[in-house]
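Within every chain, numbering begins at 1; the chains are lettered A, B, ... in the order of the sequence lines, protein sequences first and strands thereafter.
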Amino acid sequence: MTASRPAERPAPGDEPDVLAAARGLLGAVLHGHGVSVRLTEVEAYAGPDDPASHAYRRTPRSETMFGPAGRLYLYRSYGIHLCANVVTGEPEEGQAVLLRAGEVVAGHDLARARRGGVDDVRLARGPGNLCSALGLVPADLGADLEQDPPPRLEPGTPVDPARVLSGPRVGVSLAADRPWRFWLAGEPTVSAYRRSPRAAAPGSASDPVSRR
DNA sequence: ACGATGATGCACT
DNA sequence: GTGCATCATCGTT
């Protein structure tokens with residue numbers, strides 16, 4: 001072996017761009033089909049260096065993640081639910097932010113109808129429920145969120161950084177300790193944390209890249 | 001062609 | 001807290 005440097009591991013302060021992008025999406029408003037949601041909880045997914053990301057391997061499904069920023073990446077979870085991401089970073093990087101939860105700020109009646117009359121704070125709690133409330137459909141895959149017709153993303157007023165909390169991503173079995181989930185403190189719309197049963201024990205060194 | 005696996009949600013104890 | 005429906009996707013055969 002050569003006298004080269006050790007394997008790269010992100011140094012503190014050298015975090016992937018997608019983390020800042022994720023924090024920046026908190027408070028933004030996503031206008032769906034007749035319903036608008038202010039984002040309160042998101043998760044960052046990096047490219048081929050993130051084992052939990054759909055972009056860990058480039059496949060037909062994840063192709064949108066390798067495209068330009070500001071596009072909508074939709075995927076089907078458990079064969080049933082749609083989940084929405086905003087592509088960030090440069091093309092080929094494969095970075096995106098999963099939209100996990102939000103507060104309905106417009107179109108309440110339509111959102112309630114779509115969600116079967118659950119309590120308002122649950123209208124867009126959880127990535128599948130958020131898509132359902134917004135009325136997103138598979139045809140919205142790849143939509144340019146900066147263009148006029150919905151779905152469209154409206155930058156929110158900046159949030160107080162002290163209100164942004166972080167923790168591990170929900171339900172991922174790999175890189176399960178990376179604290180790449182971000183949410184706004186005190187928001188009742190934020191979903192509950194649930195660790196994947198397949199994830200290594202918290203803090204385990206057997207997890208590919210455990211913590212930062 | 002086949003089997004395993006979920007970036008979930010909801011019912012249930 | 002736990003169990004599981006349900007099916008697109010992807011790696012393997």
Side-chain angles (χ1 to χ4, degrees), chain A residues 16 18-19 21-23 25-26 30 37 39-67 71-89 93-102 104 111-142 151 165-183 188-202 207-210:
Chain A
V18 68
L19 301 195
R23 293 187 194 92
L25 280 171
L26 292 173
L30 181 60
V37 163
L39 302 175
T40 57
E41 180 195 356
V42 298
E43 282 175 359
Y45 286 87
D49 57 341
D50 179 5
S53 174
H54 288 174
Y56 183 54
R57 292 188 176 89
R58 190 168 182 163
T59 68
R61 177 180 68 167
S62 63
E63 194 58 30
T64 303
M65 287 183 70
F66 292 90
R71 305 298 249 274
L72 184 67
Y73 168 50
L74 291 177
Y75 70 91
R76 208 173 277 284
S77 179
Y78 288 82
I80 309 165
H81 318 285
L82 277 183
C83 299
N85 301 248
V86 177
V87 177
T88 68
E93 286 186 329
Q95 301 182 342
V97 176
L98 171 68
L99 311 181
R100 285 204 56 90
V104 173
R112 290 179 189 122
R114 286 172 174 155
R115 291 277 297 120
V118 300
D119 194 87
D120 275 10
V121 296
R122 293 192 173 194
L123 286 174
R125 173 188 290 180
N129 292 333
L130 182 142
C131 282
S132 178
L134 288 169
L136 297 180
V137 292
D140 293 318
L141 171 65
L165 304 182
S166 67
R169 295 172 289 187
V170 174
V172 301
S173 60
L174 298 172
D177 290 338
R178 293 186 188 182
W180 288 5
R181 175 183 180 230
F182 302 94
W183 66 93
T189 54
V190 174
S191 67
Y193 176 65
R194 191 192 227 184
R195 191 178 184 86
S196 166
R198 301 208 228 307
D207 202 4
V209 176
S210 48

Inset, instruction - Answer yes or no: does a side-chain N or O of A:R198 lie under 4.0 Å from OP1 or OP2 of B:dG6? - result: yes

Inset, instruction - Tell me which nucleotide among C:dC10, B:dG6, C:dA8 gets nearest to the side chain of A:R76. - result: C:dA8

Legend entry - Other residues, nucleotides, ligands: >12 heavy atoms within 6.0 Å of A:R122 CZ: no

Inset, instruction - Name the closest nucleotide to the A:Y78 side chain, picking from B:dA7, B:dG9, C:dA5. - result: C:dA5

Legend entry - Candidate nucleotides C:dT6, B:dG6, B:dA7, ranked by approach to the side chain of A:S173 - the nearest: B:dG6

Legend entry - Check: A:S53 side chain, A:D50 main-chain N or O, donor-acceptor pair, under 3.5 Å: no

Legend entry - Euclidean distance, atom CD of residue A:E63 to atom P of C:dT9 [Å, nearest integer]: 14 Å

Inset, instruction - Write down the distance between CG (A:L136) and P (B:dT8), rounded to a whole number of angstrom. - result: 16 Å

Legend entry - Short side-chain N/O contact to B:dA7 OP1/OP2 from A:H54, under 4.0 Å: yes

Inset, instruction - Taking the six-membered ring of A:Y193 (Phe, Tyr or Trp), confirm whether the NZ or CZ of A:R181 is under 6.0 Å from its centre and within 45° of its axis. - result: no

Legend entry - Atom-pair distance (CZ on A:R61; P on B:dT5), nearest Å: 15 Å

Legend entry - Polar side-chain contact A:Y75-B:dA7 base: donor and acceptor under 3.5 Å: yes

Legend entry - A:S191-A:E41 side chain donor-acceptor pair, cut-off 3.5 Å: yes

Legend entry - Separation of C:dG1 P from A:R195 CZ (nearest whole Å): 13 Å

Inset, instruction - Look at the side chain of A:R122 and the base of B:dG9, then say whether one donor and one acceptor between them are separated by less than 3.5 Å. - result: no

Legend entry - Distance, rounded to the nearest Å, where A:Y56 contributes OH and C:dT9 contributes C1': 17 Å

Legend entry - Rounded distance in Å - CG (A:L174) to P (C:dG11): 14 Å

Inset, instruction - Would you indicate what A:N129 reaches in the nucleic acid, counting non-hydrogen atoms under 4.0 angstrom: base, sugar-phosphate, or nothing? - result: sugar-phosphate

Inset, instruction - Check every strand shown and say whether A:R115 touches a base, only sugar-phosphate, or nothing at a heavy-atom separation below 4.0 Å. - result: sugar-phosphate

Legend entry - Intermediate values then yes/no, salt bridge (charged side-chain N to carboxylate O under 4.0 Å, His left out), A:R115 and A:D120: CA-CA 10 Å; A:R115 291 277 297 120; A:D120 275 10; over 6 Å; no

Legend entry - Base partner of C:dA8, which must satisfy Watson-Crick or wobble distances under 3.5 Å: B:dT5

Legend entry - Interatomic distance where OH belongs to A:Y73 and P belongs to C:dA8 [whole Å]: 15 Å

Legend entry - Euclidean distance, atom CG of residue A:L123 to atom C1' of B:dG9 [Å, nearest integer]: 15 Å

Inset, instruction - Please work out if A:R194 contacts a base, only the sugar-phosphate, or nothing of the nucleic acid, heavy-atom cut-off 4.0 Å. - result: base

